[in-house]
**Student:** 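Okay, here's the structure, questions in a sec.
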There are 2 protein chains.
Amino acid sequence: MSNIREVAELAGVSVATVSRTLQQPELVSPKTRVKVTEAIEQLNYKPNLMAVKFRSGKTHNIVVLVPTVANVFFARVIRGMQEAAAAEGYSLLLVNTMGDDATEQNYARMIHTSQADGVVQLRAFNPFNDNDVTDEGLLPMVNACEILDAPKCPTVSLDNRLAAAAMTEHLVELGHQHIAMIKGPAASPLTRDRMLGFKDALQAANLSYNEELMFAGDFTLQSGYEAAERLLKQNHPVTAVVCENDEMALGAISRFKAAGLRVPQDISVSGFDNIAFSHYSDPPLTTIAQPAEEFGETAINLLIEVLKGKAKRAVKVILPYQLIIRESTGPAPAHPVNLSEPS
Amino acid sequence: MSNIREVAELAGVSVATVSRTLQQPELVSPKTRVKVTEAIEQLNYKPNLMAVKFRSGKTHNIVVLVPTVANVFFARVIRGMQEAAAAEGYSLLLVNTMGDDATEQNYARMIHTSQADGVVQLRAFNPFNDNDVTDEGLLPMVNACEILDAPKCPTVSLDNRLAAAAMTEHLVELGHQHIAMIKGPAASPLTRDRMLGFKDALQAANLSYNEELMFAGDFTLQSGYEAAERLLKQNHPVTAVVCENDEMALGAISRFKAAGLRVPQDISVSGFDNIAFSHYSDPPLTTIAQPAEEFGETAINLLIEVLKGKAKRAVKVILPYQLIIRESTGPAPAHPVNLSEPS
DNA sequence: ATAAATAATGTTATCGGTTACATCATTCCT
DNA sequence: AGGAATGATGTAACCGATAACATTATTTAT
């Protein structure tokens with residue numbers, strides 16, 4: 001592997017001239033520029049970027065803490081990040097953290113060992129100590145999707161409360177009076193916000209909120225399936241279920257069908273995220289579309305601003321949602337079926 | 001940010017001793033070891049790993065070329081890779097290449113710019129020049145999932161031909177005589193192998209192979225949907241469709257249902273990959289399970305062997321498949337329905 | 001023609017570690 | 001006691017680039 005010195009020698013110039021030819025060619029005379037370029041060509045010289053990064057102290061690496069890459073929504077967010085990062089010359093170090101605090105703290109430490117410049121965190125957890133802030137009082141981080149309550153960094157989020165309220169309102173308008181919710185883990189602010197929106201809409205419609213109709217899952221298909229199972233056991237006259245993501249909604253639909261229920265004739269089910277599958281499920285899923293790629297793109301661009309010291313405060317970007325009505329929600333049945341199964 | 005010199009000064013030793021305390025503590029006397037450790041503690045010293053990587057010439061980074069991170073199967077492979085890499089102290093640089101040759105060549109170049117030690121390629125494309133081989137004549141790469149025909153590196157694959165044959169045989173045993181296939185892009189060896197297996201099974205059953213019953217997609221839900229649409233237009237008395245992955249199978253099922261067909265009573269559909277959704281679809285999908293995590297794990301471990309110079313030849317690892325029979329395949333109908341729709 | 005200004009190039013310290021080699025101290029053996 | 005062997009520590013070159021500063025060449029102004 002050739003280095004800058006060999007190129008300099010072959011071109012008959014100094015290493016500085018070679019470096020300049022690559023970094024600020026306008027400072028180099030056209031003739032020498034040609035000589036250097038030819039030498040580079042001839043030796044097939046590629047600058048050692050590890051040396052560049054070491055010397056400049058900027059790695060142009062960004063650690064992305066993803067709770068689970070297997071989640072289709074996150075996959076879209078990642079895609080958005082990748083494009084924005086590539087455009088600015090940054091590389092992403094994707095980490096599948098499985099939502100583990102210690103793992104995230106470990107990887108965040110890559111900032112301190114100069115392996116990365118910043119972090120994008122897709123979960124409401126701060127992997128840093130509070131004294132890790134930059135000159136502007138910000139952490140070298142952007143928090144997206146599920147955001148912290150009092151972040152020391154920019155955030156990108158949806159107005160989850162409003163979106164969940166809109167979805168619930170849609171069901172209320174269809175005449176549903178007994179609406180259940182399949183939510184995420186209790187600790188998540190995202191879950192909390194969507195619950196609040198759910199309650200808001202119930203209250204606005206003068207419907208009562210019933211704690212027994214709240215079922216917790218963990219955003220996977222299986223947990224949706226199991227939550228639906230618990231719902232069926234409760235034997236409440238539920239006619240609609242608001243799910244906090246599409247995967248759980250699809251899992252729930254699967255369970256309802258297994259119980260012989262028709263969706264939406266017997267029970268309406270809604271999701272959240274608008275993943276590709278929700279379009280092709282039977283029935284196609286009513287859901288909330290989130291601009292996933294834009295989440296990623298915005299997160300990266302905000303982070304780069306922070307890293308360049310251009311961000312002066314922790315801005316909060318809120319992206320728009322869109323209610324997508326498909327066929328998994330329909331009018332409330334005049335005579336609700338008995339949900340309980342013979343077992 | 002403190003450096004090794006400050007630590008040395010505070011501890012009253014040389015930089016070499018500090019370095020040794022961290023790298024080979026057994027060479028340092030217990031007393032000085034304590035002094036150094038205390039100084040490190042006091043200064044909250046973290047070695048600059050960029051400097052380490054630069055000096056040692058080993059980055060411990062692995063570039064992973066993923067055609068699309070949004071694919072649920074690849075998400076599982078990635079997870080397997082992540083665990084294996086972490087266990088060996090390697091980081092993954094995941095790249096969403098969208099199957100673009102130039103993009104992959106670009107990222108493979110990170111090997112030359114000393115930003116990464118090796119590449120895991122999940123597609124049948126060689127992003128290197130053939131003169132990039134190591135001393136052993138191997139590329140610093142492992143090719144997994146969809147593999148090259150004449151790779152200059154280890155590969156990890158499934159016996160796609162055998163698996164596709166097994167699936168087809170399953171349908172033949174159910175009495176199907178007119179079986180269509182929704183395949184992937186023609187250029188892919190994976191598609192070719194699965195087609196061969198499909199043909200093998202037809203031949204073994206004395207069934208004729210009909211080119212008109214082969215429909216190409218690109219492994220997405222939508223392409224499965226569209227392929228099914230073309231199939232319906234053909235108006236052949238097809239009673240079963242072998243799909244080359246689950247996403248296309250689910251897309252196809254969606255289209256068949258839209259045409260009023262029942263799966264599997266009117267038409268059987270099979271998939272490939274056993275993604276999570278295939279368990280919760282309606283009907284649950286008959287498919288081939290691949291040990292996705294093991295693909296990733298094996299690929300990383302093989303790559304590390306290559307990087308350490310331990311691999312002497314391009315081994316080919318073939319992982320086992322499993323036929324998973326669910327409800328999307330059933331006995332061939334005695335009187336095949338007319339597939340063509342009134343339009 | 002000469003000084004001043006500007007452009008082009010060269011020299012070299014430096015980033016933060018690792019490690020080959022040198023040095024010094026201690027222990028062991030005869 | 002003298003010398004070898006072993007152990008502990010220090011010195012300094014080095015990895016490959018960048019960039020501050022120095023130097024030399026060229027142009028411009030007077």
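All chains are named by letter (A, B, ...) in the order of the sequence lines, taking the proteins before the strands, and each is independently numbered beginning at 1. All of these numbers come straight from a predicted model, not from anything done at the bench.
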**Student:** Please work out if A:S56 contacts a base, only the sugar-phosphate, or nothing of the nucleic acid, heavy-atom cut-off 4.0 Å.
**Tutor:** nothing
**Student:** What is the distance, to the nearest angstrom, from the CZ atom on B:R33 to the P atom on D:dG7?
**Tutor:** 14 Å
**Student:** Between the base of D:dA17 and the side chain of A:R5, is there any donor-acceptor pair under 3.5 Å?
**Tutor:** yes
**Student:** Are B:S19 and C:dT18 close enough that a side-chain N or O sits under 4.0 Å from OP1 or OP2?
**Tutor:** yes
**Student:** Return the value, rounded to whole Å, for the distance between atom CD of A:E6 and atom P of D:dG16.
**Tutor:** 9 Å
**Student:** So, does the side chain of A:R55 form a donor-acceptor pair with the base of C:dG16 at under 3.5 Å?
**Tutor:** no
**Student:** At under 4.0 Å, does any side-chain N or O of B:N48 touch on OP1 or OP2 of C:dG16?
**Tutor:** no
**Student:** Counting any heavy atom closer than 4.0 Å, what does A:V13 reach on the DNA or RNA strands: base, sugar-phosphate only, or nothing?
**Tutor:** sugar-phosphate
**Student:** Side-chain N or O of A:T17 versus OP1/OP2 of C:dG10: is the shortest distance under 4.0 Å?
**Tutor:** yes
**Student:** Is a donor on one side and an acceptor on the other found under 3.5 Å between the side chain of A:N143 and the backbone of A:T155?
**Tutor:** no
**Student:** Map A:R20 and B:F54 onto DNA chain C by nearest heavy atom, then report which one ends up closer to the 5' terminus.
**Tutor:** A:R20
**Student:** A:Q23 CD to D:dA17 P: how many Å, rounded?
**Tutor:** 11 Å
**Student:** Would you confirm whether A:Q82, through its side chain, and B:L94, through its main-chain N or O, come within 3.5 Å as a donor-acceptor pair?
**Tutor:** yes
**Student:** Are a donor atom and an acceptor atom from the side chains of B:D273 and B:Q290 found within less than 3.5 Å of each other?
**Tutor:** yes
**Student:** Under 4.0 Å: is that the gap between some side-chain N or O of A:T32 and OP1 or OP2 of C:dT9?
**Tutor:** yes
**Student:** Starting from P on D:dG16, measure out to CE on B:M50 and report it in whole angstrom.
**Tutor:** 15 Å
**Student:** Calculate the interatomic distance between A:E26 atom CD and C:dT9 atom P; express it in whole Å.
**Tutor:** 13 Å
**Student:** Would you kindly say whether A:D132 and A:H112 are connected by a side-chain donor-acceptor distance under 3.5 Å?
**Tutor:** yes
**Student:** Any sub-3.5 Å donor-acceptor pair from B:K58's side-chain atoms to B:R55's backbone N or O?
**Tutor:** no
**Student:** How would you label the contact of A:V28 with the nucleic acid (heavy atoms, under 4.0 Å): base, sugar-phosphate, or nothing?
**Tutor:** sugar-phosphate
**Student:** Measure from CD1 on A:I4 to C1' on D:dC14 and round the result to the nearest Å.
**Tutor:** 16 Å
**Student:** Roughly how many Å is it from CD in A:Q24 to P in D:dA20, rounded to a whole number?
**Tutor:** 9 Å
**Student:** Taking atom C1' of D:dG16 as reference, at what distance in whole Å does atom CD of A:E9 sit?
**Tutor:** 15 Å
**Student:** Which nucleotide in the list D:dA19, C:dG17, D:dG10 gets nearest to the side chain of A:A16?
**Tutor:** D:dA19
